[in-house]
Amino acid sequence: MATPARTPRLRAWMLEGLTDRPGQHAQTGTAHEGRPWWRVMCLTGLDYFSTLGYQPGIAALAAGLLSPLATIVLVLLTLFGALPVYRRVAEESPHGEGSIAMLERLLSFWKGKLFVLTLLGFAATDFLITITLSAADATAHLVENPHLTSALHGHEVPITLLMIALLGAVFLKGFSEAIGVAMVLVATYLGLNVVVVAVGLWQVATEPHVVADWTQALTAEHGNPFMMIAIALVVFPKLALGLSGFETGVAVMPHVHGDPDDTGARPAGRIRGTKKLLTTAAVIMSVFLICSSFVTTLLIPADEFKAGGEANGRALAYLAHEHLGSAFGTVYDVSTILILWFAGSSAMAGLLNLMPRYLPRYGMAPHWARALRPMVIVFTLVAFLVTWLFDADVDAQGGAYATGVLVLITSAAVAVTIAAKRAGERGWTIGFGIISAVFVYTTAVNVVERPDGVKIGACFIAGIMALSLLSRLARVFELRVTHVELDDMAQRFVRDTANRTIRFIANEPDRRDKAEYRDKVEQIREDNDIPPGDDVLFVEVTVLDPSEFESGLKVRGEVLHDRYRVLTLESSTVPNALAALLLHVRDDTGQRPHVYFEWTEGNPMANFLRFFLFGQGEVAPVTREVIRAAEPDRARRPHVHAG
């Protein structure tokens with residue numbers, strides 16, 4: 001007896017917060033609710049700043065002795081490329097949707113949906129690899145600690161899986177205190193990094209031969225300074241992990257405190273705070289990137305950066321142990337492990353912000369995808385799979401991570417370029433166009449150098465598209481109309497017929513001349529034995545965007561040729577619009593209306609595909625099936641006739 005009682009409670013807990021209203025998850029609360037921008041910066045900083053745990057080591061592997069110069073190029077691109085782009089994204093998309101929402105507005109129909117699904121695939125690559133890469137690097141710091149390496153070495157995969165499971169558990173319980181935890185972790189981690197970098201710079205300053213040895217090796221390897229700069233411009237795309245924080249910076253916008261007079265359409269205070277957030281984070285990270293790359297390249301032997309070396313994936317931790325002792329090094333390791341583990345929270349927040357905004361609205365995810373906890377479980381399981389496939393290897397995941405980051409930044413640069421052009425801002429259009437070209441180059445170089453990244457992204461895209469289309473196919477007979485509104489004339493038509501039998505004739509509008517309606521009435525009356533004196537109303541549906549899954553329905557009444565009363569509707573599918581109208585009329589009048597169709601000519605399978613893709617096709621049987629799915633009580637269903 002106890003088991004059945006537990007199941008509803010578990011289901012209610014899992015689906016807590018589930019909404020039937022599309023888009024409701026996108027805006028919660030009023031526009032001025034939230035926290036100060038500098039506190040929210042710590043939330044996005046979990047992802048951005050935590051890359052210091054592995055970025056210097058990856059940069060050294062990618063650029064070698066040129067790592068500091070390549071890092072300077074990356075910083076210039078950060079401050080004068082990515083930062084202006086995302087400040088504009090914050091203006092254009094202030095509810096956290098990011099550049100994907102901007103580009104979605106440019107395209108319609110199926111090509112727009114497929115384009116968005118492609119970008120979501122790269123976003124999933126970025127955010128999911130953030131979770132797995134950060135957890136894997138946290139494991140590396142744990143395993144490589146001198147006090148633990150003998151006990152934990154060889155157990156990297158289960159340790160990483162445990163960290164991901166704990167992160168998922170945090171989200172299953174709730175995430176209201178995340179920003180407070182993020183503040184403590186970021187402040188502690190950055191403070192420890194200030195100490196490590198300062199000590200490293202002091203070592204370089206007090207041992208002049210270090211700089212001399214580095215410059216001599218650079219000259220011997222690359223020749224003159226112009227060649228060094230040229231090579232740095234070529235290799236800097238390999239350092240793209242240092243750009244990782246901008247997409248999450250926009251994703252957490254809804255948490256930023258706005259002004260009391262902010263509106264949902266234009267939250268000026270939130271936008272201003274987010275710009276401060278992005279700028280401050282970029283400046284802080286730029287300083288750390290340059291300093292950390294400089295000291296690690298000069299003070300750590302090159303072999304230690306390679307796989308199996310003590311600095312592999314943990315260059316600053318290596319310096320902490322080497323120059324500040326085992327005790328400080330262990331404290332640094334603990335801080336790094338915690339921020340890397342919790343860095344996945346900003347990525348998880350990004351996933352939970354993006355996916356439920358699009359997939360359920362497109363009909364390309366189950367209804368429960370609007371709830372938080374089921375999605376957390378799905379993303380956690382996918383992260384398990386990625387960790388297992390990559391064997392919790394930091395270096396192996398770097399390519400996929402960089403590809404996801406760069407594709408999203410490139411899409412953002414293109415989106416703001418188009419937005420500036422449409423706004424007539426010639427200077428910004430040229431500037432953003434140049435930035436877009438640079439990011440296109442950076443992305444292309446990264447893909448050529450590390451094709452595994454785009455392969456992994458393609459796997460995510462293929463998975464999302466396949467599951468999305470299967471989900472839409474499974475939900476094809478759902479009632480997809482969110483609300484029905486009748487204008488005054490349409491309401492009058494329904495009221496006039498409510499005291500008799502309500503009869504609708506479904507008509508596909510053609511010439512809309514008098515002969516069309518006269519012939520249609522005669523045919524329907526003859527096929528269905530409708531008495532000559534009974535009133536009929538024509539219903540005509542115009543399909544706008546058949547790729548849309550959910551939409552409202554506005555019904556307009558008109559009298560044509562001084563005789564024929566016609567209800568006109570605009571929707572994404574004909575059967576769903578008709579079913580929604582019939583159910584609304586039933587609820588409004590208390591009568592079960594009748595609707596009359598002609599059978600659709602042609603192959604039933606071809607007609608079904610027409611309905612699935614273009615909203616038209618097997619209208620009569622699909623309308624009946626939508627009604628059957630929406631109304632389980634057969635005695636209350638509107639009547640559907642086909643002749």
Side-chain angles (χ1 to χ4, degrees), residues 20-22 363 366-367 472-486 490-491 493-508 520-521 523-531 534-543 546 549-555 557 565-600 604 607-608 610-612 615-643:
D20 290 324
R21 292 170 53 195
H367 185 61
R472 180 145 180 161
L473 188 62
R475 300 179 63 189
V476 72
F477 297 122
E478 283 187 16
L479 185 65
R480 291 144 48 178
V481 175
T482 55
H483 63 280
V484 180
E485 296 179 12
L486 278 67
Q491 291 181 32
F493 291 168
V494 173
R495 283 198 305 268
D496 287 347
T497 57
N499 57 353
R500 300 181 296 277
T501 302
I502 303 175
R503 303 184 191 273
F504 294 109
I505 295 177
N507 181 53
E508 184 176 356
K520 187 77 170 183
V521 169
Q523 179 183 345
I524 292 297
R525 288 189 186 279
E526 181 179 345
D527 289 346
N528 297 277
D529 294 327
I530 299 175
D534 282 17
D535 289 337
V536 293
L537 299 175
F538 285 93
V539 184
E540 298 177 348
V541 182
T542 301
V543 176
F549 188 76
E550 294 177 323
S551 62
L553 188 66
K554 293 185 177 180
V555 184
R565 293 178 294 178
V566 182
L567 300 180
T568 59
L569 301 75
E570 293 180 343
S571 179
S572 57
T573 77
V574 175
N576 273 272
L578 293 173
L581 174 65
L582 293 169
L583 291 169
H584 176 81
V585 169
R586 180 206 64 183
D587 294 338
D588 194 43
T589 64
Q591 287 198 38
R592 296 166 61 194
H594 297 251
V595 63
Y596 299 90
F597 296 92
E598 292 182 50
W599 283 113
T600 306
N607 283 328
F608 175 77
R610 282 183 60 215
F611 160 69
F612 181 71
Q616 306 178 62
E618 288 284 17
V619 179
V622 174
T623 301
R624 194 264 178 193
E625 183 60 22
V626 172
I627 292 173
R628 189 192 66 80
E631 175 54 74
D633 186 354
R634 184 171 183 174
R636 300 191 69 243
R637 294 175 193 159
H639 303 279
V640 177
H641 308 269

To check you understand the geometry: which heavy-atom pair defines the closest contact between [X] and [Y], and what is its length?
{"X": "Val541", "Y": "Ser571", "value": "CG1-CB, 4.3 Å"}
{"X": "Glu540", "Y": "Asn507", "value": "OE2-ND2, 2.9 Å"}
{"X": "His483", "Y": "Gly552", "value": "CE1-CA, 3.4 Å"}
{"X": "Asp587", "Y": "Arg636", "value": "OD1-NH2, 3.9 Å"}
{"X": "Ala630", "Y": "Leu583", "value": "CB-CD1, 3.9 Å"}
{"X": "Ala490", "Y": "Leu567", "value": "CB-CD2, 3.7 Å"}

| message | Regarding Arg637 and Glu631, does a basic nitrogen lie under 4.0 Å from an acidic carboxylate oxygen? | response | no
Report the distance from atom [atom1] of [X] to atom [atom2] of [Y], rounding to the nearest 0.5 Å.
{"X": "Asp496", "Y": "Gln491", "atom1": "CG", "atom2": "CD", "value": "11.5 Å"}
{"X": "Thr589", "Y": "Ile502", "atom1": "OG1", "atom2": "CD1", "value": "3.5 Å"}
{"X": "His641", "Y": "Arg624", "atom1": "NE2", "atom2": "CZ", "value": "12.0 Å"}
{"X": "Leu581", "Y": "Leu553", "atom1": "CG", "atom2": "CG", "value": "7.0 Å"}
{"X": "Arg592", "Y": "Arg586", "atom1": "CZ", "atom2": "CZ", "value": "9.0 Å"}
{"X": "Leu537", "Y": "Arg503", "atom1": "CG", "atom2": "CZ", "value": "11.5 Å"}

| field | Pairs satisfying ring-ring contact (aromatic ring centres under 6.0 Å, His included), at least one member in residues 568-593, at least two apart | value | none
| task | Only one of Thr497, Val585, Leu578, Val536 passes side chain to side chain contact (heavy atoms under 4.5 Å, CB included) with Phe504; say which it is. | result | Val585
| query | After noting the C-alpha distance and the side-chain angles of Tyr596 and Asp527, does the key distance pass the side-chain contact (heavy atoms from CB on, under 4.5 Å) rule? | reply | CA-CA 9 Å; Tyr596 299 90; Asp527 289 346; over 6 Å; no
| said: Once ring pair (Phe, Tyr, Trp, His ring centres under 6.0 Å) is applied, do any residues pair with His639, and if so which ones, sequence neighbours excluded? | reply: His594
| field | Evaluation steps, side-chain contact (heavy atoms from CB on, under 4.5 Å), between Val539 and Val595 | value | CA-CA 9 Å; Val539 184; Val595 63; 5.9 Å; no
| task | With side-chain contact (heavy atoms from CB on, under 4.5 Å) as the test, would you mind laying out the steps for Ile505 and Arg525 before giving the verdict? | result | CA-CA 10 Å; Ile505 295 177; Arg525 288 189 186 279; over 6 Å; no
| task | In sequence, state the C-alpha distance, the side-chain angles, and the governing distance for Phe493 and Val566, and then conclude on side-chain contact (heavy atoms from CB on, under 4.5 Å). | result | CA-CA 9 Å; Phe493 291 168; Val566 182; over 6 Å; no
